[in-house]
> 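One structure, as structure tokens, below. Some questions next.
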Amino acid sequence: MMVAMLASLVASPIKPDEEVVFFPGIGSRTSGGAWELEIRGWIFERESRFGAAELFRKVLDVSWDDLSEEERLLYDERTALFLIDAERGKQIPIQIGRRTFTLPRSDRTGHFSGVVRIAESALQKNADGTVTFRAVTKEKDAREFTGQIHLIEPEGWSVISDIDDTIKVSHVLDKKELLRKTFLKDFTPVPGMAELYQHWATNQSVAFHYLSSSPSQLFPPLNEFIEQNDFPSGSFHLRVLDWRTEWQNNSASRAHKLAVIESLIKRFKQRRFILVGDSGESDPEIYGRMARKYPNNVVKILIRNVTG
């Protein structure tokens, strides 16, 4: 991952018809006492393309005529970010406190990432210890695209939590029902999980990381689900995919989870990790592999049984 370059004067590349989404990220201390902030986001232009919409419904095996009015509205809302024009090669400038940084170029999917190093004295922390930043837009563009960074100390507890069938009822084992609950129904929390996580969160040294093989296009409704159901806020680690070719790529899903968990453990070598998942797909195997590889870091594995 490239380190973002400091820019004193920047011209924003964000056009009036383009949008930017930032995924909640993490910050870690450096040996010199500064912070390294991981910035991840996505830039795109919304488009209304009938052919793409029809193709997407075929991929999901959804019949428009069979949907209720309520389901159609929710479907349109949930699928909007799948039917976009990704903006490639954009270098997004961001402002953190009084300082401005320019991130590396976005890739072919419109996603971008970078690491910003900044002194603690230059950070303006929120009451919950997070840092808010914003994208720099053009002079007459009044829109605000903001992101949040969770500052994580070298020592403490980290909870890496799956989402589907761990904290959200999804029925992953039933692919047709999974798609209905993802695109046509209000998200339903798993009973008791928010209360458990809030109990853990009373210890200020506990950090939460929401890890899922769900596509990054679902970040807005998933983030809303976390907030509305009183789960602790945390970083998000969703999968970047092209739905036309990778919708049911289980090997890519497994690789994504392994890579994220390992990167967190390597970045926070002194922290203790609790891995929370479910028995629906590969969480037990993935978590077990990480526990065997990092026995001093992974101290608990909790699996929700959804197989009956």
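Given the structure is predicted, the values throughout are model-derived calculations rather than measurements.
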> Should I301 and L211 be regarded as members of a common hydrophobic cluster, given that ILVMFWY residues are connected when their side-chain heavy atoms come within less than 4.5 Å of each other, either directly or indirectly?
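Yes, it is one cluster - the side chains of I301 and L211 are joined through contacts under 4.5 Å.
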> If I take atom CG from residue D174 and atom CZ from residue R180, how far apart are they, to the nearest 0.5 angstrom?
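Between D174 CG and R180 CZ, I get 10.5 Å after rounding to 0.5 Å.
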> Using atom types as modelled and distance alone, determine if a side-chain donor or acceptor of D164 lies under 3.5 Å from a backbone N or O of S170.
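Checking the backbone N and O of S170 against the side chain of D164, no donor-acceptor pair under 3.5 Å is found.
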> CG of L151 to CD1 of I26: how many Å apart, nearest 0.5 Å?
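The CG atom of L151 sits 10.5 Å away from the CD1 atom of I26.
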> Any side-chain heavy-atom pair from R57 and Y75 closer than 4.5 angstrom?
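Of all side-chain heavy-atom pairs linking Y75 with R57, at least one is under 4.5 Å.
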> Cut-off 3.5 Å, side chains only: do D141 and T137 have a donor facing an acceptor?
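No, no side-chain donor-acceptor pair sits under 3.5 Å.
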> Determine, stepwise, if the pair E144 / R134 fulfils salt bridge (Lys or Arg N to Asp or Glu O under 4.0 Å).
CA-CA 7 Å; E144 283 200 358; R134 68 176 186 87; 5.8 Å; no
> Could you check whether R72 pairs with E70 (Lys NZ or Arg NE/NH1/NH2 to Asp/Glu carboxylate O, under 4.0 Å)?
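Not counted as a salt bridge, because no side-chain N and carboxylate O are separated by less than 4.0 Å.
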> Are V116 and I96 side-chain neighbours, meaning at least one heavy-atom pair lies under 4.5 Å?
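Heavy-atom side-chain distance check passes, below 4.5 Å.
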> For S282 and I286, indicate whether the former's side chain and the latter's backbone hold a donor-acceptor pair under 3.5 Å.
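Side chain of S282 to backbone of I286, a donor-acceptor pair under 3.5 Å: no, none is there.
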> Applying side chain to side chain donor-acceptor pair (under 3.5 Å), run through S63 and D65 and close with a yes or a no.
CA-CA 6 Å; S63 173; D65 294 335; 5.1 Å; no
> State whether the side chain of R78 and the backbone N or O of T182 hold a donor-acceptor pair below 3.5 Å, judged by distance alone.
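Looks like yes, one N/O pair under 3.5 Å.
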> Are L222 and V169 connected into the same hydrophobic cluster when the rule is that any two of I, L, V, M, F, W, Y join if their side-chain heavy atoms are below 4.5 Å apart?
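V169 and L222: one cluster.
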> Can T307 and N305 be counted as having a side-chain donor-acceptor contact under 3.5 angstrom?
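There is such a pair between these side chains.
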> Without swapping roles, check the side chain of H150 against the backbone of F208 for a donor-acceptor pair under 3.5 Å.
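Not at all, since once roles are kept as given, no pair shorter than 3.5 Å links the two residues.
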> Evaluate whether atom NZ of K300 has more than 12 neighbouring non-hydrogen atoms of other residues, nucleotides or ligands under 6.0 angstrom away.
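No, NZ of K300 has 12 or fewer neighbouring heavy atoms, counting only those of other groups under 6.0 Å.
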> Minimum heavy-atom separation for L238 to S214, with atom names?
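It is CB-O, 3.4 Å.
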> Drop me the distance from H256's NE2 to R239's CZ, to the nearest 0.5 angstrom.
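Result: 7.5 Å between the selected atoms.
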> Assess whether side chain to side chain contact (heavy atoms under 4.5 Å, CB included) is satisfied between V136 and I94, documenting all intermediate values.
CA-CA 5 Å; V136 177; I94 62 169; 5.7 Å; no
> Hey, any chance I167 and V260 share a hydrophobic cluster, counting ILVMFWY side chains that come within less than 4.5 Å of each other, even indirectly?
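No, no single cluster joins them.
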> Going by an N to O cut-off under 4.0 Å, is there a salt bridge joining R304 and D283?
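Answer for the salt bridge query: no.
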> Please report the interatomic distance OG(S158) to CD1(I274), rounded to the nearest 0.5 Å.
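Nearest 0.5 Å value for the OG-CD1 distance: 9.0 Å.
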> Distance from Q91 atom CD to L103 atom CG, nearest 0.5 Å?
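Reported value, rounded in 0.5 Å steps: 8.5 Å.
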> Quick check: closest heavy atoms across R272 and W157, and the distance to 0.1 Å?
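Distance-wise, the nearest heavy atoms are NH2-NE1, 3.0 Å.
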> Run R88 and R105 through side chain to side chain contact (heavy atoms under 4.5 Å, CB included) and show every step you take.
CA-CA 7 Å; R88 183 176 188 168; R105 295 183 186 278; over 6 Å; no
> Checking the side chain of E45 only, and the main-chain atoms of I84 only, is there a donor and an acceptor separated by less than 3.5 Å?
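Checking the backbone N and O of I84 against the side chain of E45, no donor-acceptor pair under 3.5 Å is found.
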> State, yes or no, whether a side-chain contact exists between Q124 and V131 at a heavy-atom distance under 4.5 Å.
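Result no, sub-4.5 Å side-chain heavy-atom pair not found.
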> Counting N and O atoms only, with roles assigned by atom type, does the side chain of K269 sit under 3.5 Å from a partner on the main chain of K266, one being a donor and the other an acceptor?
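Yes: the side chain of K269 pairs with the backbone of K266.
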> Side chain to side chain contact (heavy atoms under 4.5 Å, CB included) between H171 and K176: does it pass, once the steps are laid out?
CA-CA 9 Å; H171 295 293; K176 187 173 183 178; over 6 Å; no
> For the residue pair Y197 / S161, report whether a side-chain donor-acceptor contact shorter than 3.5 Å exists.
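On atom types as modelled, these side chains qualify, holding a pair under 3.5 Å.
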> Quick check: closest heavy atoms across N229 and A194, and the distance to 0.1 Å?
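Closest approach of N229 to A194, heavy atoms only: O-CB, 3.3 Å.
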> Quick check: does any side chain N or O of S106 sit under 3.5 Å from a backbone N or O of H111, one acting as donor and the other as acceptor?
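No, because the side chain of S106 does not come within donor-acceptor range (under 3.5 Å) of the backbone of H111.
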> If we only count heavy atoms from C-beta on, is the F268 to I152 side-chain gap below 4.5 Å?
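Heavy-atom side-chain distance check passes, below 4.5 Å.
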> Charged N to carboxylate O under 4.0 angstrom, R271 versus E155?
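So R271 does not pair with E155 through a salt bridge.
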> I'd like to know if L264 and V206 are part of one continuous hydrophobic network [Ile/Leu/Val/Met/Phe/Trp/Tyr, side-chain heavy atoms within less than 4.5 Å].
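Unlinked, V206 and L264 end up in two clusters.
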> Tell me whether R143 is salt-bridged to E19, with the criterion being a basic N under 4.0 Å from an acidic carboxylate O.
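Result for this pair is no, no salt bridge flagged.
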> Determine whether F183 and D76 make a side-chain contact, defined as any pair of heavy atoms from C-beta on separated by less than 4.5 Å.
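F183 does not reach D76 side chain to side chain.
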> One pair to check against salt bridge (Lys or Arg N to Asp or Glu O under 4.0 Å): E285 and R254. What are the steps and the verdict?
CA-CA 10 Å; E285 292 78 10; R254 186 186 181 101; 5.2 Å; no
> What do the steps show when you test T132 against N126 for side chain to side chain donor-acceptor pair (under 3.5 Å), and what is the final call?
CA-CA 7 Å; T132 300; N126 301 317; 2.9 Å; yes
> For a quick test of reading the model, state the closest non-hydrogen atom pair linking A34 to A119 and the distance between them.
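Here A34 and A119 meet closest at CB-CA, 4.1 Å.
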> For the backbone of I163 and the side chain of T166, can you confirm whether one donor and one acceptor N or O come within less than 3.5 Å of each other?
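Checking the backbone N and O of I163 against the side chain of T166, no donor-acceptor pair under 3.5 Å is found.
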> Is it true that D128 and S233 share a donor-acceptor pair across their side chains at a distance under 3.5 Å?
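Their side chains do not contain a donor-acceptor pair, so the 3.5 Å distance test is not met.
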> Quick one: closest heavy-atom pair of Q270 and P154, and the distance?
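So the minimum-distance heavy-atom pair works out to CB-O, 3.5 Å.
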> Is E18 salt-bridged to K90, going by a charged N under 4.0 Å from an acidic O?
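Result for this pair is yes, salt bridge flagged.
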> Heavy atoms, side chains only, cut-off 4.5 Å: are I149 and I39 in contact?
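Sidechains of I39 and I149: in contact.
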> So does K185 pair up with E71, basic N to acidic O under 4.0 Å?
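Salt bridge present between K185 and E71.
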> Is any side-chain heavy atom of D186 less than 4.5 Å from a side-chain heavy atom of Q228?
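Sidechains of Q228 and D186: no contact.
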> Is it true that a side-chain atom of W42 and a backbone atom of A86 form a donor plus acceptor pair closer than 3.5 Å?
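Not confirmed, W42 side chain does not pair with A86 backbone.
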> Heavy-atom distance under 4.5 Å between the side chains of L123 and I118, does that happen here?
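In contact.
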> Salt bridge check, D17 against K15: does any charged N sit closer than 4.0 Å to a carboxylate O?
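Salt bridge between K15 and D17, a charged N being under 4.0 Å from a carboxylate O: no.
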> Establish whether I303 and L196 are linked, either directly or via other cluster members, by ILVMFWY side-chain heavy-atom contacts under 4.5 Å.
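As far as the 4.5 Å side-chain criterion goes, L196 and I303 are not connected within one cluster.
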> Flag the pair E262 and K293 as a salt bridge only when some basic side-chain nitrogen lies within less than 4.0 angstrom of an acidic carboxylate oxygen.
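Yes.
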> Could you grab the distance from atom CG of L178 to atom NZ of K181, nearest 0.5 Å is fine?
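The NZ atom of K181 is 10.0 Å from CG of L178, to the nearest 0.5 Å.
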> Hey, are Q148 and T130 close enough side-chain-wise for a donor-acceptor pair under 3.5 Å?
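Present: a donor and an acceptor within the cut-off.
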> With respect to Y210, which candidate in F225, F236, F219 satisfies the ring pair (Phe, Tyr, Trp, His ring centres under 6.0 Å) definition?
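One option only clears the test, and that one is F236.
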> Ring centres of F273 and Y294 under 6.0 Å apart?
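Between F273 and Y294, the centre distance exceeds or equals 6.0 Å.
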> Taking the side chain from Q95 and the backbone from G97, do they hold a donor-acceptor pair closer than 3.5 Å?
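Yes: the side chain of Q95 pairs with the backbone of G97.
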> Of the non-hydrogen atoms in W35 and G27, which two are nearest, and what is the gap between them?
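Residues W35 and G27, closest heavy atoms: CZ3-O, 3.4 Å.
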